[in-house]
There are 2 protein chains.
Amino acid sequence: MSDLAAALEIVGSRWALRIVEQLLDGPQRYGDLQRELGAPTNMLAMRLRELETAGVLYRLPLKHNTRAYALTERGLALRDAITALGRWAAEQA
Amino acid sequence: MSDLAAALEIVGSRWALRIVEQLLDGPQRYGDLQRELGAPTNMLAMRLRELETAGVLYRLPLKHNTRAYALTERGLALRDAITALGRWAAEQA
DNA sequence: CGCAGCACTTTTATTTTACAAGTATGACCC
DNA sequence: GGGTCATACTTGTAAAATAAAAGTGCTGCG
């Protein structure tokens, strides 16, 4: 399996990269992500679980029963790829 | 819609980026892509059609009834994003 | 004409995603 | 200490994307 294929196994599903992009601005809570992305809530929950076990992000406990999601170093390392894709879309003819 | 979301609309489906990656090595025929990628043939046909209308690749007629698929300039511009993703997967801990 | 290779299409099953509604937990208020 | 509220999910079901397998339509060749 090529490197690209390996990457897509982790962040190739529909919302994964968008979640990471959102978290590049800093840790955010579940409801914030949901509002910003407009992702279905069950998809968001599933992706967050997958990305957590993949070591891309982690849960950051806050007060009460709330928590925030934050990128690990491995998650932050996706910045280059995300900006590259964003730039590509932006440089439309 | 963010730039990233726009990019994923075009190359966010499961095989799209892998097809482009394969074509970065130069134009290839349908059967070659199929063998290299191991993609289902109906998916391959559908993605090629979509990527063609998106201006990422074009059909290059060869002899007989055969043709090759080649990247447009817009397709070639995806190289940065693809290598960034590949590098990310390769730098695993 | 019959056959073989290539580039697909069609059909059907399985998985993924979307949409809507419901549940669990704890804080806050009285 | 019971009711209400916000947050973070889960559950159930429908729609869509993907996978797997077989079939179709061209050439060109002998």
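Naming: A, B, ... by sequence-line order, numbering from 1 per chain.
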For the side chain of [X], counting heavy atoms from C-beta on, which of [options] is nearest?
{"X": "Arg29(A)", "options": "dC8(C), dT7(D), dT17(C)", "result": "dT7(D)"}
{"X": "Arg59(B)", "options": "dT10(D), dT9(C), dC8(C)", "result": "dC8(C)"}
{"X": "Arg49(A)", "options": "dC19(C), dT10(D), dA8(D)", "result": "dT10(D)"}
{"X": "Thr66(A)", "options": "dT7(D), dT27(D), dA18(C)", "result": "dT7(D)"}
{"X": "Ala45(B)", "options": "dC6(C), dC9(D), dC8(C)", "result": "dC8(C)"}
{"X": "Tyr30(A)", "options": "dT10(D), dT17(C), dC8(C)", "result": "dT10(D)"}
{"X": "Arg47(A)", "options": "dT17(C), dA20(D), dG25(D)", "result": "dT17(C)"}

[X] [atom1] - [N] [atom2] separation (whole Å):
{"X": "Leu44(A)", "N": "dA18(C)", "atom1": "CG", "atom2": "C1'", "result": "13 Å"}
{"X": "Gln28(B)", "N": "dC6(C)", "atom1": "CD", "atom2": "C1'", "result": "15 Å"}
{"X": "Glu9(B)", "N": "dA17(D)", "atom1": "CD", "atom2": "P", "result": "11 Å"}
{"X": "Met43(A)", "N": "dA15(D)", "atom1": "CE", "atom2": "C1'", "result": "12 Å"}
{"X": "His64(B)", "N": "dC6(C)", "atom1": "NE2", "atom2": "P", "result": "10 Å"}
{"X": "Arg18(A)", "N": "dT17(C)", "atom1": "CZ", "atom2": "P", "result": "14 Å"}
{"X": "Leu37(A)", "N": "dA8(D)", "atom1": "CG", "atom2": "P", "result": "14 Å"}
{"X": "Asn42(B)", "N": "dA7(C)", "atom1": "CG", "atom2": "P", "result": "16 Å"}

Can you see if the side chain of Arg14(A) gets near the phosphate of dA18(C) - specifically, an N or O under 4.0 Å from OP1 or OP2? yes
Compare side-chain N and O positions of Trp15(A) against OP1 and OP2 of dT16(C) and report whether any pair is under 4.0 Å apart. no
Is there a side-chain contact between Val56(A) and Leu23(A), using heavy atoms and a 4.5 Å cut-off? no
Would you check if Tyr69(A) and Glu52(A) make a side-chain contact, meaning some heavy-atom pair closer than 4.5 Å? no
Just by distance, do the side chain of Gln28(A) and the backbone of Gln22(A) share a donor-acceptor pair under 3.5 Å? yes
Classify the side-chain pair Tyr30(A)/Thr66(A) by whether it contains a donor and acceptor separated by less than 3.5 Å. no
When all nucleic acid strands are considered with a 4.0 Å heavy-atom cut-off, which category describes Thr41(A): base, sugar-phosphate, or nothing? base
So, is the end of the Arg79(B) side chain (NZ or CZ) under 6.0 Å from the ring centre of Trp88(A) and within 45° of the ring's axis? no
